[in-house]
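Have a look at the structure below, then the notes.
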Amino acid sequence: MGESNATPFDMDSSSFDAEKYLERLLKDCSLRQIMDTEAAVVKDTQTLHSDMQTLVYENYNKFISATDTIRKMKDDFKQMESDVNLLMTKMQSITTFSEQITGTLQGTRSQLCRLSEKHSLLKRLQFLSTLPAKLKGLIEEQSYAQAVQDYLHAQKVFAQYGRQPSFDGIQKDCDAIMADLKETLRQDFQRAGNTAQSLTEIGELLLQLDEKTSDLASEMLTCAGKRLHEQIVMLQDQTERDMLEFVDMGINGFLNDLALVVTSYFDMFVAKHYENERDDFQENALLELNIFLNQNIDKYLTLVQDRVESDIGYGDTQVMLRALDRLHRRLQAMRNICRGLEVQRNTVDIIIGAAHQLCDAHAKNLKDHFADSLSAVRLSLVSAKSDAATGLNLSDLISNLYVAMVEKIKGVLQELLIFLRTDWSFNIKAGHKGALCVEGIRENLLIGFLRHISKVMCGFGDASSSSPPNLLLVLSKTCLELEQQGVHILIALVDDLYEIDSENSATLTHETEICAEMRETAQALLDAYVRLQGANISQMLRKSVETRDWLNCLEPRSVRAVMKRVVEELGSIETVVASLYEGTGNPTGFRTTASSDSSRKTYFSNFTASKPQYRSNWSNYTPSQLESSYVSNIHRLFSERVDIFTSVEFTKASIVMGIIKIGLKTLLECVRLRTFSKYGLQQIQVDAHYLQMNLWRFVSDEK
């Protein structure tokens, strides 16, 4: 490449020779190659010319500006040159004066240095001579920190000149003054009512005055403990303040003082090493500080817990949780103030306890609300005017009772959800206790209340209870509604709100258990209703049979009034039941045609003959003939097994049929125990025929 750059045939080289290049080109190249070379050279020349023009155009303004600048600089340099010459003249004059002054003061320089040193020494001596009076003045002004600082500063001078008799006296005076100050500080340190700030300041001064470190450490914790106890007592009297103000007072007063004592103690006795103390002094000091810290925090949190327990159910839960959230944040910060300290107790346990207590309060409120609702239902039933109105009223009562219970429970579950808000600094579900607390809301509050409902309602169905029949019907239908809808809605709601996986839990109550309990209660109440209404019908029939003289009665002319009353009562019952339970067969629940069941023919075959025939045949029968004629049918009438006191189904027909079976069974037993004359037996025949003609529309089983 070096030879190529130096060759005369390279156009880009400085040694390029055009004559030689042309001669070589004509000699070595053909005409075609020469023409191509010419075209290339022309093209390159035009390109270079264009680039040069572009370069000139682009830098034209810069060239003009540079020319103006150079012209201006030329003018400025003329002025600057004259200024520099003037400055040089003045500097020469200054140098001359400086040399003259140096020569004049050369002899007194060393003397001035000695005088300066003596002045400094005299100032220190003056400080020492006036130190006792200055210390007394500072102590009288209670500027203890400045007095201690001046005394410690003077100790360095005393260490250097203390052997001189004059200085020895000053030192003794200062030591006596500081001994009195030390005693005063010790008394102030032990005095009750000191703030944590003053304890820290006095402790620092006593340490600077060589107070025994271990004694001062113990005394500091003792005095601080007295001061903190006074604040605890003061907080106990703040019952008129709300929870937020109460906690703010504790944070700004008690906890801030506690933090100041802890940090000061840590800096003074744990972080520093003292040569005159035992090797384990720092370790023991840290242990004592940990005990002191946890004892006082435990006292304060116990006070907060008592306040929370007194406010549960009366104050605003959100305000209480805001206060506990602030307290939790403050304690979290206190855990990080010093290395090696450990705060054992925290506010999460208090919050979990508050949640449990609030659950208990809500459970009591739910039970009270349920008791009030039942009282309202009973009052409404007592004030009902007619059976028809009662039938319509029962549906409203059941709807109101059911909706009131469900909505009340939903409101309670929503209110307790405030404990799980994500903006709190605490998370009660993070720990095992908190998880059990959340599950407790489901088990103790919801499941417990549902079981309470079942138990209370079931109590109305006891034989010893004097509950009105319609109340039993209302409660039974309400339990059935809970079993079919309410239990599922409420358990699904609590599982969704509190993110509980009840399906895969072995400890949580399953929905089917509560549904089964509700259905059992509904069945027991419905059976009690049937028994009670059947007993009322039976009472009328029994009195009508037992109070009549069947041997001396007259020939029957019509159905007895009690039988009409029984049919009317059954009609009223059927109307009430129909408003709550759908019938079977046809929409109205009534049968439209009489049955041709053979059992009815069997029972009444010998009683449905015409009166004249019955009279003529009856008088011709002997006792033996009567027995042979009727014994088989009468035996079948009273001995064939019919289940009377069995559980009924949740249908209108089954309920009414259960009541009728009890009434007819009572009638049969009463008839079986009585002796009848001819007219008495005819009256029973008329009554039975009347019942046959009117009861068939209520029953589905004629056995």
Side-chain angles (χ1 to χ4, degrees), residues 533-573 594-645 656-699 701-703:
Q533 292 288 41
N536 293 336
I537 299 295
S538 298
Q539 185 71 8
M540 291 188 291
L541 293 173
R542 180 181 175 185
K543 287 183 179 180
S544 70
V545 174
E546 292 181 349
T547 58
R548 189 179 183 92
D549 185 4
W550 295 102
L551 295 177
N552 299 311
C553 61
L554 301 176
E555 183 179 0
R557 299 295 182 182
S558 64
V559 178
R560 288 184 299 148
V562 67
M563 296 301 170
K564 297 180 180 179
R565 175 61 182 158
V566 166
V567 173
E568 291 175 359
E569 188 69 22
L570 288 173
S572 300
I573 293 173
S595 172
S596 58
D597 190 277
S598 60
S599 61
R600 181 157 21 96
K601 293 180 180 179
T602 303
Y603 293 155
F604 297 104
S605 58
N606 291 311
F607 295 112
T608 56
S610 62
K611 285 186 178 180
Q613 181 184 359
Y614 184 78
R615 289 177 180 174
S616 62
N617 292 337
W618 184 270
S619 59
N620 296 326
Y621 284 154
T622 64
S624 59
Q625 291 173 327
L626 180 65
E627 179 179 356
S628 62
S629 176
Y630 289 104
V631 68
S632 60
N633 288 333
I634 293 177
H635 175 75
R636 183 177 179 183
L637 179 66
F638 291 108
S639 64
E640 186 172 336
R641 179 176 179 81
V642 178
D643 293 329
I644 304 299
F645 297 100
V656 177
M657 183 60 201
I659 298 171
I660 292 175
K661 284 196 294 184
I662 294 175
L664 293 181
K665 179 63 175 177
T666 301
L667 178 62
L668 289 176
E669 290 297 320
C670 291
V671 169
R672 185 173 64 86
L673 297 175
R674 304 294 291 181
T675 303
F676 297 90
S677 66
K678 179 179 69 173
Y679 293 144
L681 186 60
Q682 290 175 355
Q683 183 65 61
I684 291 297
Q685 176 187 359
V686 172
D687 293 343
H689 183 69
Y690 177 80
L691 291 178
Q692 173 195 356
M693 298 301 296
N694 288 278
L695 294 186
W696 65 267
R697 61 193 180 96
F698 296 118
V699 302
D701 177 13
E702 298 188 19
K703 186 175 180 181

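- K564 and V559 make their closest contact through CE-O, 4.3 Å (heavy atoms, listed as atom of the first residue, atom of the second, distance).
- Closest heavy-atom contact between G663 and S538: CA-OG, 3.7 Å.
- Taking every heavy atom of both residues into account, V567 and Y690 meet most closely at CG2-CE2, 3.6 Å.
- Between the side chain of Q683 and the backbone N or O of S558, at least one donor-acceptor pair lies under 3.5 Å.
- With hydrogens and angles disregarded, a donor-acceptor distance shorter than 3.5 Å links the side chain of R560 to the backbone of S544.
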* **Stepwise side chain to side chain donor-acceptor pair (under 3.5 Å) check, N536 with Q533** => CA-CA 5 Å; N536 293 336; Q533 292 288 41; 3.3 Å; yes
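- In this structure, D549 and N552 approach most closely via the heavy-atom pair OD2-ND2, 2.7 Å.
- To the nearest 0.5 Å, atom CE of residue M563 and atom CG of residue N694 are 11.5 Å apart.
- Taking CZ from R565 and CG from L570, the interatomic distance works out to 10.0 Å, rounded to the nearest 0.5 Å.
- The nearest pair of heavy atoms linking A535 to I662 is N-CG2, 4.4 Å.
- Here the straight-line distance linking atom NZ of K661 with atom NZ of K665 works out to 11.5 Å at 0.5 Å rounding.
- Note that CG of L667 and CD1 of I537 are 11.5 Å apart. Values are rounded to the nearest 0.5 Å.
- Across all their heavy atoms, L554 and Y679 have their closest contact at O-CB, 3.3 Å.
- Checked against side-chain hydrogen bond (donor to acceptor under 3.5 Å, both in side chains), E568 has no partners two or more places apart in sequence or in another chain.
- Here the straight-line distance linking atom CZ of R542 with atom CD of E669 works out to 11.5 Å at 0.5 Å rounding.
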* To do: Go through V545 and L541 one step at a time and tell me if the side-chain contact (heavy atoms from CB on, under 4.5 Å) criterion holds.
  => CA-CA 6 Å; V545 174; L541 293 173; 5.6 Å; no
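- In this view, R548 satisfies the side-chain hydrogen bond (donor to acceptor under 3.5 Å, both in side chains) rule with no residue, not counting sequence neighbours.
- How far OG1 of T666 is from CE of M540: 11.0 Å, rounded to the nearest 0.5 Å.
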